[in-house]
Amino acid sequence: MTRRVDLHGDIGEILVSEDEIQSKVVELGRRISVDYAERQLTLVSVLKGSLPFMADLMRAISIPVRIDLMEVSSYGGTATESSGLVRILKDLSATIEGDDVLIVEDIIDTGLTLNYLIRYLRGKNPATLRICTLLDKPARRLVDIPVDYIGFTIPDQFVVGYGLDYGEVYRNLRFVGVLKPEVYSEPA
Ligand code: PRP
């Protein structure tokens, strides 16, 4: 039988609060605005997880910015493990040639998704290509990824909220929380 989702009740602990997220977004937005002053900044959001972070971050940036959206998914993985094979579900809608591109991610886990995306986007000849992630989980890294802006480094726990899902739900929580183990040990 499928387990009923209890949006707040399924969360064991709040790992990063709404206030902490919002303060960090302001800080990152300021840094990016300084670093990219006089540049041609394009933010590329990697859907779906980065949607809330992207929406908040772009409004914390005080210089002109273009945005584009990609959606990728990993082939053959499970809800908790990625396989390393990446499929593009939605590609960029405009050229990024000559732009200063900043990839906006919600989380870097194994690094396999970004490893693929970096190579893919480099092939489109941006002037520069850097990475901004809200969350970094270095304990799970399989490939080394140079990350330029990191919001929070987190331990190896199953987190949801602020864009991150389990079974496509919990993305609308305003904080990042740790899912209770009994939730993901049962079928989603
Ligand atoms: C998540 C996240 C990253 C990726 C990180 O996306 O948004 O893109 O996994 O994992 P990795 O470093 O191990 O590759 P997911 O494939 O779950 O899709 P979603 O953003 O639509 O939830």
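In this text, all values refer to a predicted model and were calculated from it rather than measured experimentally. In each ligand, atom 1 is the first atom listed, and ligand 1 is the first ligand listed. Sequence positions, counted from 1, serve as the residue numbers for this chain.
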Which atoms of ligand 1 sit under 4.0 Å from any heavy atom of [X]?
| X | value |
| --- | --- |
| K48 | 19 (P), 20 (O), 21 (O) |
| I107 | 2 (C), 3 (C), 5 (C) |
| D165 | 22 (O) |
| L112 | 12 (O), 14 (O) |
| E105 | 2 (C), 3 (C), 7 (O), 8 (O) |
| T110 | 11 (P), 12 (O), 13 (O), 14 (O) |
| L47 | 20 (O), 21 (O) |

Pairing residues for S17 by the side chain to side chain contact (heavy atoms under 4.5 Å, CB included) criterion, not counting sequence neighbours
I14, D19, E20

Heavy-atom proximity to atom 18 (O) of ligand 1, best of I103, V72, V160, V46:
V72

Candidate with minimal heavy-atom separation from atom 7 (O) of ligand 1, of D109, V143, L114, D106
D106

Find the distance between [atom1] ([X]) and [atom2] ([Y]) and round it off to the nearest 0.5 Å.
| X | Y | atom1 | atom2 | value |
| --- | --- | --- | --- | --- |
| I67 | L41 | CD1 | CG | 11.0 Å |
| L173 | E18 | CG | CD | 10.5 Å |
| L134 | E105 | CG | CD | 10.5 Å |

Do D100 and Y36 have side-chain atoms, one donor and one acceptor, less than 3.5 Å apart?
no

Kindly list each side-chain donor-acceptor pair under 3.5 angstrom involving residues 144-161, sequence neighbours excluded, with atom names and distances?
{"unit_1": "D148", "atom_1": "OD1", "unit_2": "R130", "atom_2": "NE", "d": "3.4"}
{"unit_1": "D148", "atom_1": "OD2", "unit_2": "I131", "atom_2": "N", "d": "2.9"}
{"unit_1": "Y149", "atom_1": "OH", "unit_2": "D35", "atom_2": "OD2", "d": "2.6"}
{"unit_1": "Y149", "atom_1": "OH", "unit_2": "R130", "atom_2": "NH1", "d": "3.4"}

Is there a heavy atom of R141 sitting under 4.0 angstrom from any atom of ligand 1?
no

Is ligand 1 less than 4.0 angstrom away from at least one heavy atom of G111?
yes

Between K137 and ligand 1, find which residue part has any heavy-atom pair under 4.0 Å and reply side chain, backbone, both or neither.
neither

Under a 4.0 Å threshold between the charged nitrogen and the carboxylate oxygen, would E27 count as salt-bridged to K24?
yes

Beyond-backbone contact of L57 with I32, side-chain heavy atoms, under 4.5 angstrom:
yes

